[in-house]
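For reference, the structure discussed in these notes is given below.
In what follows, residues are counted from 1 in the order of the sequence shown.
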Amino acid sequence: MTPLLKQLSPGKKIYFISDFHLGAPDYQSSREREKKIIRLLEQARKDAAAIYFLGDIFDFWFEYRYTIPKGYTRLLGKLAELSDEGLPMAVFTGNHDMWMFGYFPQELNIAVFHKPQLLQIGNKRLYIGHGDGLGPGDYVYKCLKWVFRNPFFQWIFSIVPPVIGMGIANSWSRRSRKHNKDDKYYGEKEALLIYSRKIQEKEHHDFYVFGHRHMPLDLKVDEKSRYINLGDWINFYSYAVFDGENMELKYFEKE
């Protein structure tokens with residue numbers, strides 16, 4: 001399995017993308033969004049040194065021992081194709097798809113990370129992850145995340161027949177998305193900005209790159225560091241590209 005990239009060849013770039021929420025809100029709109037994502041991946045293959053998916057690729061994902069969620073054939077096929085060509089990729093799990101275990105590494109040769117990671121490219125340091133449960137507040141979710149990540153509770157869920165377990169989980173996911181919709185910009189009170197500044201006080205990073213927020217953001221952490229939020233593929237179709245020196249937010253098929 002290819003580790004996180006450590007250097008960029010001239011003319012190559014790293015793509016960061018998150019929050020597809022495939023499967024939501026309905027089959028048809030998810031299918032159209034999936035096709036759009038594939039168009040981006042096909043475009044990115046021309047100059048991508050690596051592609052990192054920062055969580056919530058799926059609106060729900062749970063890998064049973066012999067079962068994975070139905071659908072997403074076009075995306076999984078494209079990922080397999082790019083991986084077979086040798087393009088390094090990694091997935092950072094989000095709050096909707098944290099139950100990734102061995103499928104992506106074994107079948108697609110794509111690394112899976114459950115926590116933020118340091119990505120060092122030359123002399124640039126990038127702190128990357130999904131962003132859920134980071135920063136102040138949101139204590140109810142932080143407790144739920146501990147439960148969801150606990151191996152015992154994962155085992156309990158795994159012995160529930162998929163037709164029941166996935167039905168319950170999809171219903172929960174829809175309810176969570178409806179109740180937690182947040183399209184307000186909080187300025188200096190943005191939780192992930194606060195979190196980035198706390199990390200920055202201890203250790204310098206040039207860029208903090210997260211998803212989860214569903215709002216494209218490019219904010220100053222301090223004079224030498226920026227916080228980039230990737231937005232989503234429900235409203236913005238946004239992503240970020242890093243060329244070894246600079247990070248740019250982009251909007252697919254709007255440029």
Side-chain angles (χ1 to χ4, degrees), residues 1-6 13-24 37 40-41 44 48-63 68-69 72 75-76 78-79 82-83 87-121 124-135 138 141-142 144-146 148-149 154 173 191-193 195-196 199 205-217 226-234 236 238-242 247 249:
M1 188 184 309
T2 306
L4 292 176
L5 207 66
K6 294 184 178 180
K13 300 174 182 177
I14 300 176
Y15 285 74
F16 298 91
I17 185 169
S18 73
D19 293 273
F20 300 156
H21 287 272
L22 289 177
I37 293 161
L40 170 65
L41 296 178
I51 302 176
Y52 298 133
F53 301 89
L54 300 194
D56 285 357
I57 294 176
F58 309 103
D59 202 53
F60 173 70
W61 180 275
F62 187 93
E63 295 173 20
I68 62 168
Y72 323 121
L75 175 62
L76 294 174
K78 178 57 68 175
L79 294 179
L82 295 175
S83 179
L87 179 63
M89 291 178 284
V91 170
F92 289 72
T93 58
N95 48 306
H96 283 256
D97 53 14
M98 67 175 69
W99 301 279
M100 288 186 174
F101 306 118
Y103 182 80
F104 270 64
Q106 293 169 8
E107 296 295 326
L108 303 175
N109 195 36
I110 294 177
V112 173
F113 296 96
H114 296 281
K115 296 180 179 179
Q117 299 289 316
L118 167 66
L119 176 62
Q120 179 140 3
I121 305 294
K124 298 294 184 181
R125 294 166 57 85
L126 290 73
Y127 188 92
I128 62 177
H130 181 61
D132 60 310
L134 304 180
D138 208 7
Y141 170 69
K142 289 175 181 177
L144 286 174
K145 184 177 181 179
W146 180 87
F148 293 155
R149 292 295 303 154
Q154 289 178 353
S173 181
L192 287 171
L193 176 61
Y195 175 80
S196 298
I199 298 294
H205 299 84
D206 297 279
F207 299 97
Y208 294 83
V209 188
F210 298 109
H212 186 57
R213 184 66 175 85
H214 286 232
M215 182 178 289
L217 297 170
R226 287 157 52 200
Y227 153 51
I228 306 292
N229 197 281
L230 300 175
D232 68 17
W233 277 63
I234 297 174
F236 298 103
S238 48
Y239 62 104
V241 178
F242 178 66
M247 180 86 65
L249 270 173

Parallel, tilted or perpendicular: which fits the ring planes of [X] and [Y], with parallel below 30° and perpendicular above 60°?
X: W233; Y: F20; answer: perpendicular
X: F104; Y: W61; answer: perpendicular
X: H21; Y: H214; answer: tilted

Any idea which heavy atoms bring [X] and [Y] closest together, and the distance?
X: S238; Y: P216; answer: OG-CG, 3.5 Å
X: N229; Y: M215; answer: OD1-O, 3.3 Å
X: H96; Y: D59; answer: ND1-O, 2.9 Å
X: L134; Y: P116; answer: CD1-CG, 4.2 Å
X: L192; Y: G131; answer: CD2-O, 3.5 Å
X: L54; Y: V209; answer: CD1-O, 3.5 Å

In Å and rounded to the nearest 0.5 Å, what is the [atom1] to [atom2] distance from [X] to [Y]?
X: L119; Y: I128; atom1: CG; atom2: CD1; answer: 4.5 Å
X: Y72; Y: F58; atom1: OH; atom2: CZ; answer: 6.5 Å
X: L41; Y: M89; atom1: CG; atom2: CE; answer: 8.0 Å
X: S83; Y: N109; atom1: OG; atom2: CG; answer: 4.5 Å
X: L82; Y: L87; atom1: CG; atom2: CG; answer: 5.5 Å

Is any side-chain heavy atom of [X] less than 4.5 Å from a side-chain heavy atom of [Y]?
X: F53; Y: V91; answer: yes
X: F210; Y: H130; answer: no
X: D19; Y: L230; answer: no
X: K78; Y: L76; answer: no
X: V241; Y: F16; answer: no
X: H205; Y: L118; answer: yes
X: L126; Y: Q120; answer: no

Has E63 got a side-chain atom pairing as donor or acceptor with Y103's backbone, closer than 3.5 angstrom?
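Between the backbone of Y103 and the side chain of E63 there is a qualifying donor-acceptor contact (under 3.5 Å).
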Whether R226 side chain and M247 backbone form a donor-acceptor pair below 3.5 Å:
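At least one qualifying donor-acceptor pair exists.
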Give the intermediate values and the outcome of side-chain contact (heavy atoms from CB on, under 4.5 Å) for residues I17 and I57.
CA-CA 9 Å; I17 185 169; I57 294 176; over 6 Å; no
Begin from the C-alpha positions of T93 and F113 and carry the test side-chain contact (heavy atoms from CB on, under 4.5 Å) through to its verdict.
CA-CA 6 Å; T93 58; F113 296 96; over 6 Å; no
Exercise: do H212 and D56 side chains pair donor with acceptor under 3.5 Å:
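There is no such pair (donor and acceptor under 3.5 Å, judged by atom type) between the side chains of H212 and D56.
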Will you find, in the side chains of Y127 and Y227, an N or O donor that is under 3.5 Å from an N or O acceptor?
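Absent: no donor and acceptor within the cut-off.
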Quick one: side chain to side chain donor-acceptor pair (under 3.5 Å) partners of D97, sequence neighbours excluded?
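Applying side chain to side chain donor-acceptor pair (under 3.5 Å) to D97 gives none.
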When the aromatic ring centroids of F242 and F207 are compared, is their separation below 6.0 Å?
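Yes, the ring centres sit under 6.0 Å apart.
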side-chain contact (heavy atoms from CB on, under 4.5 Å), that's the test. Do Y52 and L5 meet it? Break it down for me.
CA-CA 10 Å; Y52 298 133; L5 207 66; 3.4 Å; yes
Take L79 and I51 through the side-chain contact (heavy atoms from CB on, under 4.5 Å) test and state the conclusion after the steps.
CA-CA 10 Å; L79 294 179; I51 302 176; over 6 Å; no
